[in-house]
Visitor: 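First, the structure itself, so that you have it in front of you.
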Protein chains: 2
Amino acid sequence: MPDQQGNPLDDDLRLAILRLSRRMRLQRSDADVTDSQLSVLFVLLKEGPQTLGSLSEHERVTPPSMNRTVNCLVDAGFVTRSSSPDDGRKVQIDATLAGLDVARETKRRRQAWFARQLEQLDATERATLDAAAPILRRLADS
Amino acid sequence: MPDQQGNPLDDDLRLAILRLSRRMRLQRSDADVTDSQLSVLFVLLKEGPQTLGSLSEHERVTPPSMNRTVNCLVDAGFVTRSSSPDDGRKVQIDATLAGLDVARETKRRRQAWFARQLEQLDATERATLDAAAPILRRLADS
DNA sequence: TATTGTTATACTCTATAACTATA
DNA sequence: TATAGTTATAGAGTATAACAATA
């Protein structure tokens, strides 16, 4: 019995997404930084300073987990931890310049890697992906 | 200075791939199994029995890392380890029926999740993604 | 009393270095 | 001697439970 059928193109698309993503995530700054740490740096780059709680919600991990990750980032000099002025229970996590650099350099490398992949395509194929991009983006955000 | 420009659709596509992949990987069997373990089970499902060395190369982790992951899978009853008949240094890792079930159930759930996502689209949008699928698949495999 | 964060503890994944067994 | 795998050890991410500090 075949595992499943449906539209075989769905499976091509699904597997392509998984594989491209896996390869893209290998592209990153030379700094000694893990996936979880990078993910936090991207949040700080995009959305500015965060509390520990907001980071743990954003990344969908428990507060103790995020606390550990933040500790590693502090030790590496990529973020600072300071107590919130308005609410003494909260802490504010800020990216340092070095931390922002790691995030930006990683973004740059991923963009460059993806651009090189796209260079394999002819104009028609590029046009097809240009048409697909907003649709996939909407699915990803929904 | 803007971070980068190039084709903004490239970035939409790139980010869509990262996000869709992240959400897809959350879909999995209810069995208590990690990402690394799942990845091994998928290799065994698709390509049959493997040695420890071939698994570690395939997943691009060191042999000691793979050894640990395999130990966990053995403890969970999802794979068996036996010595290779032709070369006493090698071990053969086979998926058990339970292990194959975990892989198949995970695949099923990911297909189902992705199919639900695609149901949001109209016929024209579906056609665009159908045209994009083989192109992305080729990029992923290149 | 409720909220925010931290500490204690435990398990998995990752690595490098050193070791065993077989070819 | 070279190869395949394992063990020892250590750092990082994940979790739950228990604790401290503040609102």
Side-chain angles (χ1 to χ4, degrees), chain A residues 22 25-26 28-44 49-94 99 102 106, chain B residues 22-23 25-44 49-94 99 102 106:
Chain A
R22 181 170 181 157
R25 276 182 283 116
L26 294 175
R28 56 171 65 178
S29 155
D30 290 330
D32 190 9
V33 71
T34 66
D35 257 344
S36 303
Q37 291 170 12
L38 262 178
S39 200
V40 168
L41 291 177
F42 277 123
V43 174
L44 297 176
Q50 302 285 322
T51 64
L52 193 120
S54 63
L55 284 176
S56 87
E57 280 178 26
H58 195 286
E59 298 300 304
R60 303 195 191 200
V61 298
T62 60
S65 278
M66 184 50 69
N67 192 50
R68 259 190 120 127
T69 298
V70 166
N71 285 341
C72 289
L73 284 166
V74 169
D75 291 346
F78 295 145
V79 306
T80 59
R81 192 202 303 258
S82 52
S83 58
S84 181
D86 51 300
D87 185 337
R89 296 170 301 179
K90 297 186 178 175
V91 297
Q92 179 172 308
I93 321 284
D94 293 80
V102 169
T106 298
Chain B
R22 181 170 182 158
R23 293 174 63 188
R25 276 182 282 117
L26 295 176
Q27 310 295 319
R28 57 172 65 178
S29 154
D30 290 329
D32 190 9
V33 71
T34 67
D35 256 345
S36 304
Q37 291 169 11
L38 261 177
S39 200
V40 169
L41 291 177
F42 277 122
V43 174
L44 297 175
Q50 302 286 322
T51 64
L52 193 120
S54 63
L55 284 177
S56 88
E57 279 179 28
H58 195 285
E59 298 300 304
R60 303 193 191 201
V61 298
T62 59
S65 277
M66 184 50 69
N67 192 50
R68 255 193 126 128
T69 298
V70 166
N71 285 341
C72 289
L73 283 167
V74 169
D75 291 346
F78 295 146
V79 307
T80 59
R81 191 202 303 258
S82 52
S83 59
S84 180
D86 50 301
D87 184 338
R89 297 170 301 179
K90 296 186 180 176
V91 296
Q92 180 170 308
I93 321 283
D94 293 79
V102 168
T106 298

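Numbers restart at 1 for each chain; the letters A, B, ... are given by sequence-line order, proteins then strands. What you see below is based on every heavy atom in this structure, not just the backbone, and it leaves out hydrogens, waters and symmetry mates.
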Visitor: Measure CG/B:Asn67 against P/C:dC19 and give the value in whole Å, please.
Guide: 18 Å
Visitor: Side-chain contact, heavy-atom cut-off 4.5 Å: A:Thr51 with A:Arg89?
Guide: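 The answer is no, as the side chains (C-beta and beyond) never meet within the 4.5 Å cut-off.
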Visitor: Which is true for B:Thr51 with a 4.0 Å heavy-atom rule: it touches a base, it touches only sugar-phosphate, or it touches nothing?
Guide: sugar-phosphate
Visitor: Hey, which of these two, A:Glu59 or A:Asp86, hits DNA chain D nearer its 5' end, going by closest nucleotide?
Guide: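 Nearest-nucleotide comparison on DNA chain D picks A:Glu59.
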Visitor: Just by modelled atom types, is the A:Ser29 backbone N or O under 3.5 Å from a matching donor or acceptor in the A:Thr106 side chain?
Guide: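 Confirmed, A:Thr106 side chain pairs with A:Ser29 backbone.
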Visitor: Going by the side-chain contact (heavy atoms from CB on, under 4.5 Å) test, name the single residue among A:Val40, A:Leu44, A:Thr80 that passes it with A:Ile93.
Guide: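 Result: among A:Val40, A:Leu44, A:Thr80, A:Leu44 is the only option passing the side-chain contact (heavy atoms from CB on, under 4.5 Å) with A:Ile93.
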Visitor: Going 5' to 3' along DNA chain D, which are the first and last nucleotides with any atom under 4.0 Å from a heavy atom of chain B?
Guide: D:dT3 to D:dA10
Visitor: Mark up nucleotides 8-16 of chain C, 5' to 3', with B wherever a protein heavy atom is under 4.0 angstrom from a base atom, S wherever such an atom reaches only the sugar-phosphate, and - elsewhere.
Guide: -BB-SBBBB
Visitor: Please tell me if the side chains of A:Arg81 and A:Leu52 come closer than 4.5 Å, counting only heavy atoms from C-beta onward.
Guide: yes
Visitor: Taking the side chain as C-beta and beyond, is there a heavy-atom pair between B:Val70 and B:Gln50 under 4.5 Å?
Guide: no
Visitor: Could you tell me whether the side chain of A:Val43 reaches within less than 4.5 Å of the side chain of A:Glu59, counting heavy atoms only?
Guide: yes
Visitor: Assess whether side chain to side chain contact (heavy atoms under 4.5 Å, CB included) is satisfied between A:Leu41 and A:Val79, documenting all intermediate values.
Guide: CA-CA 8 Å; A:Leu41 291 177; A:Val79 306; 3.9 Å; yes
Visitor: Would you say A:Asp35 and A:Arg28 make side-chain contact, with heavy atoms under 4.5 Å?
Guide: yes
